[in-house]
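The structure follows.
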Amino acid sequence: MSPLTLALVYLFGLNLVTLGLFWWDKQCAIHRRWRVPESTMLTLCLVGGSFGAKTGQGLFRHKTRKEPFRTSLNAIIVLHLGFLSALVLPGFRGSVVAMLHDASAALFG
């Protein structure tokens, strides 16, 4: 299996798990049962499940008004979009590499 295929399978599976976790947490909230910690949900979002989280947030209307969770999730999505842009757009990738090179030169000489 190629690395790209493996990465896509990982992201698909993780987003499916994150979507299911949002459904589960919503059900727990409705039935007043023990909830999934927000740190667990945000960690899954950070390691690649942000699309599933945002889908679950809208689909199940879950954690749409909860701060700072909502802001943290949106920040993670912006971070992921930046990484995706850096990987896909060659001009942007070059700018990011140049900026990192300049920053490391300024910090470490």
Atom NE2 of H101: over 12 foreign heavy atoms under 6.0 Å:
no
Quick one, Q57 and R70 - any side-chain contact, counting heavy atoms below 4.5 Å?
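With C-beta onward as the side chain, the pair touches.
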To the closest 0.5 Å, what do you measure between SG (C45) and CG (L79)?
12.0 Å
How many angstroms lie between CG in L11 and CG in L16, if you round to the nearest 0.5 Å?
12.5 Å
Surrounding CZ of R33 (heavy atoms of other residues, nucleotides or ligands, distance under 6.0 Å), is the total greater than 12?
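Above 12, so yes.
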Please round to the nearest 0.5 Å and tell me the distance separating atom OG1 of T71 and atom NZ of K66.
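So the OG1 of T71 and the NZ of K66 are separated by 12.5 Å.
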Do Y10 and I77 belong together in a cluster built from hydrophobic side chains that touch within less than 4.5 Å?
yes
Consider only side-chain heavy atoms of I, L, V, M, F, W and Y, link residues closer than 4.5 Å, and tell whether L81 and F83 are in one cluster.
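In one cluster with L81: F83, yes.
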Side chains of K54 and F22: does their closest heavy-atom pair fall under 4.5 Å?
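They are not in contact (no side-chain heavy atoms under 4.5 Å apart), so the answer is no.
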Same cluster or not: are V47 and F69 linked, directly or through other Ile, Leu, Val, Met, Phe, Trp or Tyr residues, by side-chain heavy atoms under 4.5 angstrom apart?
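Result: yes, single cluster for both.
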What's the separation between atom OG1 in T18 and atom CG in L42, rounded to the nearest 0.5 Å?
10.5 Å
Look up atom CG in L46 and atom CD1 in I76, then write down how far apart they are to the nearest 0.5 Å.
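If we round to the nearest 0.5 Å, L46:CG and I76:CD1 are 5.0 Å apart.
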If you group Ile, Leu, Val, Met, Phe, Trp and Tyr by side-chain heavy-atom gaps below 4.5 Å, do L21 and W23 land in one group?
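Cluster IDs for L21 and W23 match.
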Rounded to the nearest 0.5 Å, what's the gap from CG on N15 to OG on S50? Could you check?
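OG of S50 is found 6.5 Å from CG of N15.
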Looking only at heavy atoms, which two atoms of A29 and H62 are closest? And how far apart?
CB-CE1, 4.4 Å
Cluster check L14, V36: I/L/V/M/F/W/Y, side chain < 4.5 angstrom
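The answer is yes; both residues are in one hydrophobic cluster.
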With the side chain counted from C-beta on, respond yes when M41 and L73 share a heavy-atom pair under 4.5 Å apart, and no when they do not.
no
Report the C-alpha separation of F60 and D25 in whole Å, then their side-chain angles, then the decisive distance to 0.1 Å, and conclude whether the side chain to side chain contact (heavy atoms under 4.5 Å, CB included) test is met.
CA-CA 10 Å; F60 308 125; D25 193 54; over 6 Å; no
